[in-house]
Structures are given as structure tokens and as C-alpha cells.
Amino acid sequence: MSVVRPFDKLPVLNSAAILLVGTDEDLQQQLAQTILKEKKDFKISIHLATSLPLPAERDHIRPRIDLIVFMINVQSKYSFKNIEASLAHVDANFFLGKVCFLVTGVGRVNRCSVEMSAVRKLGEVYCSPLIFCELELEGIRISTAQRLLRMLQICAGHVPGVSALFFSSLMRSSNDE
Amino acid sequence: MDASEPGKATAAEPGAHLASTTTTTTTLSRGPAAGRSRLLFGHTPLRRAAPPSPAPQENADPQKIAFLLRKQWALYSVTPLYKFSYANMKQYSRHLSAFVAAEKQKGLAVEVGIDLGIKVIFSTLLGLKGTDRDQAAILVQIASKTQTTSGKEEEKVVWSGWFCCVFGDDLLENVPEDFTCLPLFLANGAETYTAIIGTWFQKTFDCCFSRLTISPLNLAWMAAMWTGYKVDSHAVATELIFSVPCIPQGLDISYAIHPEDAQALWGTVQNTQGEVTQEEVDLFMDCLYSHFHRHFKIHLSATRLVKVSTSIASVHSDGNLKILQSKYLIGVLMLLTELAILQIQ
């Protein structure tokens, strides 16, 4: 079983790769399109997957993954369980800022099938930031794409002086006293 | 967590609030140190106290309680009523009758003085309290007079609604005097009457009604907790209805479980005495989902639970309730009161 590793391949000049993992394929496609439409000055490749591990056959042509975004849909417990199972196939070095959890479907409180406490616990256990959004709304989708693009730039090392380790500041929430 | 009673001279502990010396005022708000922390978005409590075993309630009128069963009730959450008095119920009946009659006549040219035959009756429902601090439940009925074939005038109830509060300690702690807390409202009958009654209450007591919708998480809690109740007489199959997303014409999956099997499963899962935890509910639902997957290869966890029917009661996520057994009425109302309080906070 292949595990996704952060540093087992050489980086390509002026480009970055992001991997979106989630069961909601339509939302993934929409988010990927929105990210591609954003203005950027480097080459970006977006990889979509419903779960990990990624198939081993195409491993040699896959570029180095700079940022993994796990998409959890709070309206579907299945997506949550799927992400939990996929996390086992990620190398531990990724969790130093190169992983983030995107929690979608939070717009409708009455359709929650996943407990918020379980989602927050996942973020704490894996030391990765949680981003809550509602991807069905165009405005929020665009701002989420901009956020992810900025995080990708930092994870790929394109921003001098800022490394992915600084994302731990995104994890401290206002509820903690 | 105990609250220091006003009027008692207590030695102040560091960080605790000093007891107020007057006996009539209650504290309006508490700091973040005391009191249950406000639940954030989407949070459900990790554990809930198991509902009390059905004890015979004092003064419960079995006929009135039986009237509540086997009817479709629409659920609403109500903020506390300002200056409501149980002594003035006759006055409220008269005012509300006039209001309903006036609303019904709007837009019609009618002679003054004709009795439209609509009467509103206020009464208290005894036996629907959880603790002594809960306020007594109130029943409001609209009766209209109809002429029967034999020429006699008969009163028929066309609309009923009742307010209640069962184990509403969360809300009662922080509420000042003059407010009556009855957070749960159930209505049966024409939607127009519900709107008229709601408007009158909102104008008279400065409260706010909103429809109580139930999330799939809370429906799963209800399915688990109500399956655990032992029913002596003929038990109905536990039925769960799921709505499949992303399909244009809408697909509903109905999953019926034999009541004894469901109870046996819950019996093996639930082992902490006196309380039910989130893990137990999750395990119960996961067992049902994996059984379904083994047979039909469909992941029910990717669908949305919309309706739960057990032998005790059946509830839909839009906020429609039907109670089938009076024995566990308090347990059912306790859970719904908690959801209503969460919605108005």
C-alpha cells in the first residue's frame, strides 16, 4: 500500500500540486474549477481523489504533493468515516502544516449528520487547521479557493521566509481560553 | 453544579458569585464560569441523562392525556412569555375568542352582533411536568359550534395547541421574574388558526414562535433512546426513513427493524446506567447501517435521516410529531424540550 510522502520526489520549478480528497465529487470539481480560475503566477496541478491510498500504478508520473485538503461533508457521516480511514495512508511528515481539513455543508444546521465535536477532535489530533465553508455559495467558494491557493504557495515554498509550520497559528480558536 | 440560593448567607468562595440578599430577584445573567457553556454551532451534548422510568404523575388526567395521543402535532419553540398569569386564563379566553373572530371576519362584510360561534378555551394540563420547577402545561383549544341533524348545537374542537416544559432547567436558571417558560409548543389543526393564535401570543406576551426542525443527529438519538423503552403491548416495527441526496426526483429509503431485534441490539450497546452517550448512539446506528450495507451494498451513512417511527412515537425532521404511548410521554417531551431550548438560545 503506497503512502503519500511529502519529500520523496524532487520539486518542479515554479509549480505546485494540491490533492483534494473527499467523497463529494461534484463539489470537488467545482472547487477545482474555481481554484484554476484564480489569478496566480505559478503552475498548479490539482489532483482529485475519493479516498486514499492513491493507485500505485501512476505513482511515477504524479508530481510531489504540496498540500492535501481533506473535504468533510457534515451532512454525510460516510464522508467523515472515509476521511478517517484515508488519514492512515498519509505519511506523518505531512502533518507539519501540509494538511488541512475543509468542512463543507455547514450552511444548513438542520442537516448535520456529523457531530462538530468529532470534527474538531480530528483537527486537534492531527494538528491541522479546520476551515469551515459552504461550497455551494459562489462567493464563499471563491474566497475558500483564494485561501487554499495562498496556503499552497506557502507549502510549496514559494513565499520566502514563511514555512508551512506557521499554520499552527490557524488552529488556535477563539473558544480556547 | 449548584446555585447558591438568594437570601442564604454563604461564605464566598474565590470566583463564586456572592449570594444576593434579596429573596425576590433572581440573577439575570451569569458569567462564563458558572452555568452551562452555550453550545456552539452544531454541537449536541455528548451524554444525556436517561429518561426517568414512568412514574404515575400526580393529578394527571388520563382522559386529557389520551387526547394528546395519536394526533399529528407540529412542533414550535417559544421564547419565555412575559407577564403570563395562570389566574387570568378566562380573560385570555375571551380576548383570544374576539381576536380569532375578528381575524376570520377580515375582508368580509358581516353584520355586527352575529355570533360566529368560535370559542377559545384555555386550560392547564396537569401531569406534564418533569421537575417541580417546570411550569404547568397549558392547553388552548378552538371550538366551533355546529348544528347537528337533530337541531341541537354542538361544540366541536377544530384546533388544539399546548405549551409545555419538561425538565427545562437549562432555561429556568437564567430567567428573571415575570417570565413564564414554556419552550415547547405543539399544534394540531388548520395552519391558519395556528398563525392567528401565534400572532396573538406574540403581541400579548412578547414572545417568539419558530418552527422546531430536528437534525439527523438528534433523530438518531431519538431512534436509539425510544427503542430502549420496553413496551408491553403490541410493539410496532422501528422504521427509519432516509432521503437520498443529489437525485433530482427524490428517493426515500425506508428501513424497518423488528422491535425485538432493535431492543436486543440497543440492550447490548447501552451499558452505562442512568445515561446515554453519543458513542452508544453512534454504535447503534453504525450496526444498523453496516447490516443494511451487507445486504444491499448501499451506504446509508451517506444519506440523510428524515423520519423515525417507533412504538413510542414517530417524528419527522420538519418538526411533526405523533405520540403513540402515554407511558413514556415525559421522556419524549424531555428530549423535545431540550431541543426547543437549544433552538431559542
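Residue numbering restarts at 1 for every chain, and letters A, B, ... go by the order of the sequence lines. The basis for the numbers below is simple: all heavy atoms, side chains too, and nothing from hydrogens, waters or symmetry mates.
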> Relative to chain B, which segment of S113(A) carries a heavy atom at a distance below 4.5 Å: side chain, backbone, both, or neither?
Replying inline: both
> What is the distance from atom CG of L305(B) to atom NZ of K77(A), rounded to the nearest 0.5 Å?
Replying inline: 12.0 Å
>> I need the minimum non-hydrogen distance between A302(B) and S76(A), along with the two atoms involved.
In response: CA-OG, 3.7 Å
> Just wondering, more than 12 heavy atoms not from N14(A) lying within 6.0 Å of its CG?
Replying inline: yes
>> Atom NZ of residue position K121(A) - does it have more than 12 heavy atoms of other residues, nucleotides or ligands inside 6.0 Å?
In response: no
>> If you count every heavy atom of other residues, nucleotides or ligands that lies below 6.0 Å from L13(A) atom CG, does the total exceed 12?
In response: no
>> How long is the straight-line distance from OG1 of T23(A) back to NE2 of H299(B), given to the nearest 0.5 Å?
In response: 10.0 Å
> Run the side chain to side chain contact (heavy atoms under 4.5 Å, CB included) check on R304(B) and R111(A) step by step: do they pass?
Replying inline: CA-CA 7 Å; R304(B) 180 168 57 100; R111(A) 296 203 173 173; 3.5 Å; yes
>> Tell me if the CD atom of E25(A) is crowded by more than 12 foreign heavy atoms within 6.0 Å.
In response: no
>> Does any backbone or side-chain atom of I214(B) lie under 4.5 Å from a heavy atom of chain A? Answer side chain, backbone, both or neither.
In response: backbone
> Is the CZ atom of R64(A) crowded by more than 12 outside heavy atoms at less than 6.0 Å?
Replying inline: yes
> Considering only heavy atoms, which portion of T213(B) lies under 4.5 Å from any heavy atom of chain A: side chain, backbone, both, or neither?
Replying inline: both
